[in-house]
Student: 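Shown below is the structure under consideration.
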Amino acid sequence: MVGPAVRVRFAPSPTGYFHVGSARTALFNWLFARQQEGVFILRIEDTDAERNREEWVEGILSAMSWLNMSPDEGPYRQSERSHLYREAVDALWDGGYLYACDCSRADVEERTATNATPGYDGHCRERGLSPTDGDTSRALRFRVPDDGVTVVRDVIRGEVSFPHRSLEDFVVVKSSGQPLFVLANVVDDRDMAITHVIRGEDLLPTTPKAVMLWQSLDAVGPAVPLPTFAHLPMLVNEQRKKLSKRRDPVAVESYRDQGYLPEAFCNYLALLGWSPPGDAEKVPVQVLVDEFRLEDVHHAPAFFDVRKLTHLNGEYVRELPVTDFVAACRPWVSPVPGEWVPAIDADVAGVAGVAGVAGVAGVASPERTGTGAPPWPAERFDEEVFEAMAPLVQERVSTLGEVVGMVDFLFLVDPDIDDASWDKAIARDPGSTAVLDAAVSVYGSVPPDGWAPERIRAATESVGETTGRKLSKAQAPIRVAVTGRTVGPPLFESLALLGRDEVVRRLEAARRRVALSGPP
RNA sequence: GGCCCCAUCGUCUAGUGGCCGAGGACACCACCCUCUCAAGGUGGAGACACGGGUUCGAAUCCCGUUGGGGCUGCCA
């Protein structure tokens, strides 16, 4: 391979959580770096003082680590590199590329209100203001040439031209003395010898500014090759708007909490804006690395479809060896103190609606807000029982979070009976009491050491015979009485694991409840 | 408003001038399997935004229209 080693950077600004759009950008950078045997750099863009909470950086790091995309270099923090920006600004100032401006936003708006083209009007261009006014500094603007165009060469979009007339003299340093994003971005990309800038399409309009800054810096100091640009299509919601943190479920952490697997999540993300050769969409990460082509990235925005992600995740879940599945479920069913626990909280970036989509009605995870603790007392969790049930659950869930609602009846003292299920299978089924009675009697006559799935099936069939029902109809009231829901893992295995006496106890409890609430 | 980007089934996409009477996946519908629910299997419905060109031939190239989006901050 000839040419300079590939160096790419993922440069998020900390916001308190990891945005799925950021994750997609990071992934594409990471895939490209791995494929080119290049370097993947993490740079925290925290030039804005409001955005430099250390725990937010840790959040980014842990989310990236979960997705197996840890950086090769960094995190670098722009807040710790201000001397570099200062040097660049001084050079630019000395070269005559900048000028000081003391206009307030209100001033500019007042002057340009009636203009055809809003934006800064160049008011201070020729005023020759000093960069400081007494002991306060002034904002510094970049002098955009009046004529000509700046062409951005983009691997994905080709050449994009920006007439200088449409570009205002943009601010490069705030009046506080702090550098702005465009400046810091360019200075860092030069300093870090970035070869490819892969980022969201929303940054395309600022790219000509970056190019002009880059070329100006080349003129006042050592020249650095301009990186190749690649602007990825936006990720949008159903309204085709850029994903927003207010309304859309954008926090990667919340997907982890719900039990999506990192491999599945990355696989899905890779499908947004790009597709692997062939018909297969479920492709291992190594294939992603081998086949990914920046120039093949799609141009149009993509809708982040949780349903498709959920389906893909289900495929990954089912493919897990059972022991791995059991281990992966631990944080949800039997959290280990000190280790990571899912935070199930409806407020996490508005994911409340997602569980309903992902889960099956009646099986969707129960109300667990603000805590990742399972709904049963820790001491009632039985490792062996869970392991025995695991294969049956594994093929019925799409996310690990759904597991809780599938096995809770095994560990709860008296599982709540879902109202709709009770009505459907028992209250509004006139023959259900006969089934319950027969089940109590027939199950009670099964010797405890013969209490196994096949024997239970035979017993249930005989319940059906005495009550004139097919097996599928006979099992319904029993299932609801014992597990609390009309749907769940196979019944006979469930009853076997629960034990004969406990099953009979719950059947009798249900029978009493019917008697209490009067004849159906 | 200005600048810029974009446009194939509801969604994600394949398609780079003839292999396309447009392929796959999710979702949807039906059937099969079945102790519930899933999973799995089979089948079905479903798209080249519109109008002009170029060409023997266009989903693919060009222009326009329409529609959508992004940016337009001393945020990033």
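Convention: sequence-line order gives letters A, B, ...; per-chain numbering from 1. Just so we're clear, the structure is a prediction, and the values are computed from it rather than from any experiment. Reckoned from all heavy atoms, side chains included, excluding hydrogens, waters and symmetry mates.
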Student: If we take the P atom in both rU11(B) and rA49(B), what is their distance in whole Å?
Tutor: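 12 Å, rounded to whole Å.
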Student: Quick one: which of rC37(B), rG40(B), rG68(B) gets closest to the side chain of Arg318(A)?
Tutor: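 In terms of side-chain proximity for Arg318(A), the closest of rC37(B), rG40(B), rG68(B) is rG40(B).
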Student: Looking at every strand, decide which applies to Glu493(A) at a 4.0 Å heavy-atom threshold: base, sugar-phosphate, or nothing.
Tutor: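 Base, at least one base atom sits under 4.0 Å.
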Student: Ring of Tyr316(A), cation from Arg318(A) - is the NZ or CZ under 6.0 Å from the centre and inside 45° of the axis?
Tutor: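 Checked: cation-pi criterion not met.
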Student: Would you call Asp429(A)-Arg469(A) a salt bridge at under 4.0 Å N-O?
Tutor: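 Yes.
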Student: Of the residues in residues 266-283 of chain A, which ones touch RNA chain B at a heavy-atom distance under 4.0 Å?
Tutor: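 Of all residues in residues 266-283 of chain A, the ones placing a heavy atom under 4.0 Å from RNA chain B are Leu271(A), Leu272(A), Gly273(A), Ser275(A), Asp279(A), Glu281(A).
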Student: Can Arg141(A) be said to sit on top of Tyr120(A)'s aromatic six-ring, NZ or CZ under 6.0 Å from centre and within 45° of the ring axis?
Tutor: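 Verdict for Tyr120(A): a cation-pi partner in Arg141(A).
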Student: Trp274(A) ring centre to Arg293(A) NZ or CZ under 6.0 Å, with the angle to the axis within 45°?
Tutor: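 Relative to the ring axis of Trp274(A), which defines the angle, Arg293(A) lies outside at least one limit.
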Student: For Asn313(A) and rA38(B), give me the distance from atom CG to atom P, rounded to whole Å.
Tutor: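 Computing the Asn313(A):CG to rA38(B):P distance gives 18 Å.
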Student: Using a cut-off of strictly less than 4.0 Å, decide whether His299(A) has a side-chain nitrogen or oxygen near OP1 or OP2 of rC6(B).
Tutor: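 True: His299(A) side-chain N/O within range (under 4.0 Å) of rC6(B) OP1/OP2.
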Student: Would you indicate, yes or no, if rU72(B) has its OP1 or OP2 atom less than 4.0 angstrom from a side-chain nitrogen or oxygen of Arg105(A)?
Tutor: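 The answer is no; no side-chain N or O of Arg105(A) sits under 4.0 Å from OP1 or OP2.
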Student: How close do Val20(A) and Leu235(A) get, counting heavy atoms only, and between which atoms?
Tutor: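 Nearest pair, atom of Val20(A) first, then Leu235(A): O-CD2, 4.0 Å.
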Student: Report yes or no: is the cationic atom of Arg81(A) (NZ for Lys, CZ for Arg) closer than 6.0 Å to the six-membered ring centre of Tyr76(A), at no more than 45° off its axis?
Tutor: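 Arg81(A) over Tyr76(A) ring: yes.
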